[in-house]
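Some notes on the structure that comes next.
Heavy atoms only: backbone and side chains are in, while hydrogens, waters and symmetry mates are out. Computed from a predicted model, the values in this text were never measured in an experiment. Protein chains get the first letters and strands the later ones, always in sequence-line order, with residue 1 at the start of each.
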Number of protein chains: 2
Amino acid sequence: MNGKATTTRTKLERGRSALGPALELVHTGRAPTRAVLTSELGVTRATAGAVAAELEALGLIRVDSSPGSAAGSQGRPSHRLSVLETGPVVLAAQVHADGFRAALVGLGGRIVATSPGCVAVMADPAQVLGEVVEAGAGLLRESGLRCVGAGLAVPSAVAEPEGTALNPLHIAWPAGSPVRDIFAACVRAAGITGPAFTGNDVNLTALAEHRHGAGRGAQHLLCVATGHRGVGGALVLDGRLHSGSSGLALEVGHLTVNPEGRPCHCGGRGCLDVETDPLAFLTTARREPGPEESLLKQAGNLLRAEYEDPAVRNAAEALIDRLGLGLAGLVNILNPDRIILGGLHRDLLEADPERLRAVVADRSLWGRSGSVPILPCTLAHNSLVGAAELAWQPVLDDPLGALA
Amino acid sequence: MNGKATTTRTKLERGRSALGPALELVHTGRAPTRAVLTSELGVTRATAGAVAAELEALGLIRVDSSPGSAAGSQGRPSHRLSVLETGPVVLAAQVHADGFRAALVGLGGRIVATSPGCVAVMADPAQVLGEVVEAGAGLLRESGLRCVGAGLAVPSAVAEPEGTALNPLHIAWPAGSPVRDIFAACVRAAGITGPAFTGNDVNLTALAEHRHGAGRGAQHLLCVATGHRGVGGALVLDGRLHSGSSGLALEVGHLTVNPEGRPCHCGGRGCLDVETDPLAFLTTARREPGPEESLLKQAGNLLRAEYEDPAVRNAAEALIDRLGLGLAGLVNILNPDRIILGGLHRDLLEADPERLRAVVADRSLWGRSGSVPILPCTLAHNSLVGAAELAWQPVLDDPLGALA
DNA sequence: TGAGTTTGTGCCGCAACTAAACAAACTGCG
DNA sequence: CGCAGTTTGTTTAGTTGCGGCACAAACTCA
């Protein structure tokens, strides 16, 4: 098929091959000491020592030789490993229906600095992303830290490899906007170093939760979440985001969950999108929906504050049943070992976890798969942290190469 | 989480690391010469030469130093690489509603010997698998070839890691039969060397088609197929079967494709399973279904022979529309870059490819994903070859270790 | 026949790793 | 306090997979 198009990787390009995995272990908190790093990497103590020393020399991690507080076990206490607080950061940002937020995020998903939630005129993506990057650049100047990349989360499917936003329905951007290129241009224009990445917000939420939150340790993590409108999904397989062949996987909004339900713009009826989002909850509960940018909060508050109201409770149970049906369908297709829910779905889970689990168990064919754990997302600003993960990925894959 | 449970891989265990990938390239026909092996592996000619020589020394491949017929291009002609005809084989078998078949399969998916299709009393899995392995052992004795493993395809989901058949509905086995253990016991009892594996037949069809058939080169391959009853699915991601966290992924039979459709034993209505299988086709076309073991053939023959009959044509179009709806749902979730269809679905595709493609494009949200290629399965005995792939996998992963 | 092109092979050396022996830092016990 | 036992870090030597290079081999084309 290809003659010699494949990259002939030279010796100079490949660094110490265990460097990336080691950094990822420290990054995700799975290697608190050099001893567990050794066993986790499956290498000798000598190698693990050399790798840790090299990561320390790169200014990425800290190796505490004198911990003082040993944890009771006998034997020589191991050196503690941790992310270096004063190490490099990435610029992370998220755009959503009611504004944007920029932040600096270090290794370990640590938010170093964050801008206040900003409201912006949403018409023109170039203008909005210009403001976003401007805010991030300000944080960067204040901090004086080194920046090694930038990541952006948008509430839209992002087509690969073009990097275009296909359905930014709930922000007023034109469909097909080349958000990745626009963001990258803004980043370069602001003089920020490192590559720039863009991804779907639910995908990035899943990635963040997998590395630092409720998804830790899951091998097949399914994430389903609402924003103000619509439903998104994401799948993290063996630690890597699965976004399909062109970035459009897990567009779960059009699973049929209520054959007699309301019509959907996709041409079908009773899609997950229009049956389980905040607007659906409010109308089912016979409440007047407020402005689009506050639907999620309105629905969440209603659910928590007035759950004893029969109309609210019935609406919640109806949505839980439909959500459960959708999740069961996804379980039959994807067979995940954990499900995490965000947005209104998270609130619905917390309102009546037993009901949701029962529906999923009942309608997913396999009893054993029916017992798949369903958990709420736990991370604050998870899509922001996920955007940062995107920017950190090259460093995690090849620390030497990415920092050179 | 674990102290030192992880495998400390010693130097002796890891062979030449490019050995596995190289064998896989020859196995799948993507490395016809040593030159393309070099570029495909991304190593130097020296390394590729050493690797090829080692595989030849292992008795797995043949390196033709004197090809004679060069293909017109200038420069020194490259050594031709091919699978060694007299190399080791695996024992492959499939069990289906109307009997079983055993075969010996070499590298490259080459069927070396095959038993005639046998009819067996289906009641007891141990008895059936005993006959299956008996037939295979006979072939093995006749051939005198070395056997390095065994693989079995069953028409049921196989739970991992238990290896139990969860829904062998269309063969008269009890649900939950430990088929993997039974098969492994039979293999050992027959004195056949090497590990024994068991998998779902549609999964294995997908694997076989990916390596040797219509799925070659696809990175996200979705396969959907019918047997005599019901519908199965499979996904091959980057060359590896994706069977979910417990082997139960791609149980696509219960996607809703016809809200007003017939009731399904799952509790829903209009599931893919009961709306697009051979029985559904025959009843929709108002034909008297014959015995269960011949539904697929009966439906296929009817479709090909009497497509001009309005009842047949209408039934076909109805099934195509519902199948398209199901495929569109899967496209939205999985975003594959190729879809292949087997069983009656293959026949439906060939009866009216445009209609099916139009429905999928119309109902999968993204126009560009809607243009995903939909192809018929091409391989003869594909689930048999897939069962062989399962048995070959350890050799492909680590030739030195597996043959030692 | 000779220039040009592509491929195979032998040799050197690097770098990442293992293995093994030793040193260091702790616990626990008498 | 001292000593055994345990676990971890460090040093050194040795192995090895593979890149880089130079050269030989086998073809095409003029």
[X] [atom1] to [N] [atom2]: how many Å, rounded?
{"X": "A/Leu81", "N": "D/dG9", "atom1": "CG", "atom2": "P", "answer": "8 Å"}
{"X": "A/Leu41", "N": "C/dT18", "atom1": "CG", "atom2": "P", "answer": "10 Å"}
{"X": "B/Leu55", "N": "D/dG17", "atom1": "CG", "atom2": "P", "answer": "14 Å"}
{"X": "A/Leu400", "N": "C/dA16", "atom1": "CG", "atom2": "P", "answer": "8 Å"}
{"X": "A/Leu37", "N": "D/dT8", "atom1": "CG", "atom2": "P", "answer": "12 Å"}
{"X": "B/Gln74", "N": "D/dA25", "atom1": "CD", "atom2": "C1'", "answer": "16 Å"}

**Message:** Please enumerate all residues that pass salt bridge (Lys or Arg N to Asp or Glu O under 4.0 Å) together with B/Glu24, with sequence neighbours excluded.
**Reply:**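 Partners of B/Glu24 under the salt bridge (Lys or Arg N to Asp or Glu O under 4.0 Å) test: none.
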**Message:** Closest-nucleotide mapping onto DNA chain C: is A/Glu54 or A/Gly75 further toward the 5' terminus? I mean the 5' end.
**Reply:**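 Its nearest nucleotide lies further toward 5', so the answer is A/Glu54.
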**Item:** Qualifying salt bridge (charged side-chain N to carboxylate O under 4.0 Å, His left out) pairs, either residue in residues 208-219 of chain B, two or more places apart
**Value:**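 Salt bridge (charged side-chain N to carboxylate O under 4.0 Å, His left out) check on residues 208-219 of chain B returns B/Arg211-B/Glu389.
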**Closest-nucleotide ordering on DNA chain D, the 5'-leading residue of B/Val51 and A/Thr33** =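 The residue closer to the strand's 5' end, by nearest nucleotide, is A/Thr33.
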Taking side chain to side chain contact (heavy atoms under 4.5 Å, CB included) as the test, write out the residues that go with [X], two or more places apart.
{"X": "A/Ala402", "value": "A/Pro394, A/Val395"}
{"X": "B/Asp181", "value": "B/Pro178"}
{"X": "A/Ala234", "value": "A/Val202, A/Asn203, A/Ala206, A/Cys223"}

**Message:** Please pick, from D/dG20, D/dG9, C/dT5, the nucleotide with the shortest atom-to-atom distance to any side-chain atom of B/Thr44.
**Reply:**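 Nearest nucleotide to the side chain: D/dG20.
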**Request:** Measure from the side chain of A/Ala18, starting at C-beta and using heavy atoms only, and say which of C/dC17, D/dT8, D/dG19 lies closest.
**Result:**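 The answer is C/dC17, which lies nearest to the side chain.
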**Message:** D/dC18, OP1 or OP2 - any side-chain N/O from B/Ser17 closer than 4.0 Å?
**Reply:**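 Indeed, a polar side-chain atom of B/Ser17 lies that close.
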**Prompt:** Has A/Thr47 got a side-chain N or O lying under 4.0 Å from the OP1 or OP2 atom of C/dA16?
**Reply:**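 No, outside the criterion.
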**Asked** Judged by modelled atom types alone, do B/Ser246 and A/Asp337 share a side-chain donor-acceptor pair under 3.5 Å?
**Response**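 The answer is no; no qualifying pair exists.
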**Message:** What I want to find out is whether A/Asp238 reaches A/Arg240 closely enough, with some N-O distance under 4.0 Å, to be called a salt bridge.
**Reply:**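 The answer is no: the pair does not qualify as a salt bridge.
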Give every pair of a protein N or O atom and an N or O atom of nucleotides 9-12 of chain C that lie under 3.5 Å apart, one pair per line with the distance.
{"residue": "C/dT9", "atom": "OP2", "partner": "B/Arg34", "partner atom": "NH1", "Å": "2.4"}

